[in-house]
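Structure first, commentary second.
Keep in mind the model is a prediction, meaning the values are calculated, not measured.
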Amino acid sequence: DDAPTGINFVIGQLRLPRALTAFACGALFGMAGASFQRLLHNPLASPDIIGITEGANTAAVFAIVVLGLSGLQLSAFAVAGGLVTATIVALLTFHHGFAPQRLVLIGIAIGAMLNAVSSWMLIRANQWDIQSASRWLTGSLADADWTYVFITITALALGLIAIVPLSRQLDMLRLGDDVAAGLGVKVTLSRAAVVIVAVLMLSIATSAVGPIAFV
């Protein structure tokens with residue numbers, strides 16, 4: 001009788017939630033990365049280049065070091081940090097019209113500043129908070145449970161529903177803004193929609209497993 005109980009615990013409570021969370025987050029990271037690559041016309045572009053990951057990291061470090069949060073509260077802070085960072089980068093980028101080079105440069109600058117803030121908080125933190133923050137910054141599936149599975153699978157499903165209809169607009173935008181507008185694409189609205197969906201997917205995935213560097 002003990003064997004089935006042990007197997008159910010190991011598989012049902014430990015391994016399976018981690019595997020499903022890893023699958024969902026990998027898909028979310030991949031969809032977000034592909035969206036940014038096509039939006040910026042650059043196969044090397046990735047969400048961590050434009051500062052969103054650093055925003056989630058800084059919010060998470062603040063939540064751990066200053067507020068002492070963990071679990072879903074920590075994840076919520078990370079999502080909020082990614083969204084706030086994306087909003088700041090977007091406002092600075094779209095102020096004088098969209099330019100991929102400006103987005104990347106502003107994102108790198110914002111990311112560098114946020115990394116400095118995170119390092120400053122870690123220097124002033126106690127050793128236990130440093131360990132917790134370091135584990136977050138490294139990325140981990142240790143805390144994944146069925147709650148994270150539900151959140152990430154739901155985010156993946158909603159992300160697919162939102163991004164698939166936008167794929168045509170993304171293809172048209174690769175031809176240039178003028179050509180896309182001539183083909184009936186609402187350039188500004190479509191670009192904003194892609195950015196919002198990609199940022200949400202990235203922020204939720206990062207909040208669940210921590211930052212995963214793109215290769």
_Partner residues of Ser134 under the side chain to side chain contact (heavy atoms under 4.5 Å, CB included) criterion, sequence neighbours left out_ = Ile130
*Report the residues that fulfil side chain to side chain contact (heavy atoms under 4.5 Å, CB included) with Trp146, sequence neighbours left out, ordered by chain and then residue number.*
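Counting only residues at least two positions away or on another chain, Trp146 forms a side chain to side chain contact (heavy atoms under 4.5 Å, CB included) with Gln13, Leu16, Pro17, Leu20, Val149.
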_If I compare all heavy atoms of Ala142 with all of Arg18, which pair ends up nearest, and what's the gap?_
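In terms of heavy atoms, the two residues are closest at O-NH2, 3.4 Å.
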*Work out which heavy atom in Phe36 is nearest to a heavy atom in Ala198; give both atom names and the distance.*
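So the minimum-distance heavy-atom pair works out to CE1-CB, 3.6 Å.
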*Which pairs pass side-chain hydrogen bond (donor to acceptor under 3.5 Å, both in side chains) with one or both residues in residues 191-203, sequence neighbours excluded?*
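Matches after skipping sequence neighbours: Asp177-Arg191.
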Can you give me every donor-acceptor pair (side chain of residues 104-119, partner residue at least two apart or in another chain, under 3.5 Å) with its distance?
| from | atom 1 | to | atom 2 | distance (Å) |
| --- | --- | --- | --- | --- |
| Asn115 | ND2 | Gly111 | O | 3.3 |
| Ser118 | OG | Thr58 | OG1 | 2.9 |
| Ser118 | OG | Leu114 | O | 3.1 |
| Ser119 | OG | Asn115 | O | 3.0 |

What distance do [X] atom [atom1] and [Y] atom [atom2] have between them, rounded to the nearest 0.5 Å?
| X | Y | atom1 | atom2 | value |
| --- | --- | --- | --- | --- |
| Glu54 | Leu137 | CD | CG | 10.5 Å |
| Asp145 | Thr21 | CG | OG1 | 7.5 Å |
| Gln131 | Gln127 | CD | CD | 6.0 Å |
| Cys25 | Leu141 | SG | CG | 7.0 Å |

*Evaluate the side chain to side chain contact (heavy atoms under 4.5 Å, CB included) criterion for residues Gln169 and Val194: first the C-alpha distance (whole Å), next the side-chain angles of each, then the deciding distance (0.1 Å), finally the verdict.*
CA-CA 9 Å; Gln169 285 84 342; Val194 172; over 6 Å; no
Applying a strict under-4.5 Å side-chain criterion to I, L, V, M, F, W and Y, I'd like to know whether [X] and [Y] cluster together.
| X | Y | answer |
| --- | --- | --- |
| Ile52 | Trp136 | no |
| Leu189 | Leu166 | no |
| Phe150 | Ile161 | no |

*Within-4.5 Å side-chain heavy-atom neighbours: Leu202 and Leu28*: no
*asked:* Could you tell me if the side chain of Ser35 sits less than 4.5 Å from the side chain of Ile163, heavy atoms only?
replied: yes
*Decide side chain to side chain contact (heavy atoms under 4.5 Å, CB included) for Asp129 and Met121; before the verdict, give the C-alpha distance in whole Å, the side-chain angles of both, and the deciding distance to 0.1 Å.*
CA-CA 10 Å; Asp129 289 337; Met121 287 190 291; over 6 Å; no
*Determine yes or no for a side-chain-to-main-chain donor-acceptor pair under 3.5 angstrom, with Arg102 supplying the side chain and Thr93 the backbone.*
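Yes: the side chain of Arg102 pairs with the backbone of Thr93.
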*asked:* Please determine whether side chain to side chain contact (heavy atoms under 4.5 Å, CB included) holds for the pair Thr206 and Phe29, giving the CA-CA distance in whole Å, both sets of side-chain angles, and the decisive distance to 0.1 Å.
replied: CA-CA 8 Å; Thr206 302; Phe29 279 125; 3.6 Å; yes
_Under the salt bridge (Lys or Arg N to Asp or Glu O under 4.0 Å) test, residues paired with Arg135 that sit two or more places apart_ =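 So Arg135 forms a salt bridge (Lys or Arg N to Asp or Glu O under 4.0 Å) with Asp143.
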When the side chains of residues 63-91 are checked against the rest of the protein, which donor-acceptor pairs come out under 3.5 Å, sequence neighbours left out?
| from | atom 1 | to | atom 2 | distance (Å) |
| --- | --- | --- | --- | --- |
| Ser75 | OG | Gly71 | O | 3.3 |
| Ser75 | OG | Tyr148 | OH | 3.1 |
| Ser75 | OG | Ser207 | O | 2.9 |
| Thr85 | OG1 | Gly81 | O | 2.8 |
| Thr87 | OG1 | Leu83 | O | 2.8 |

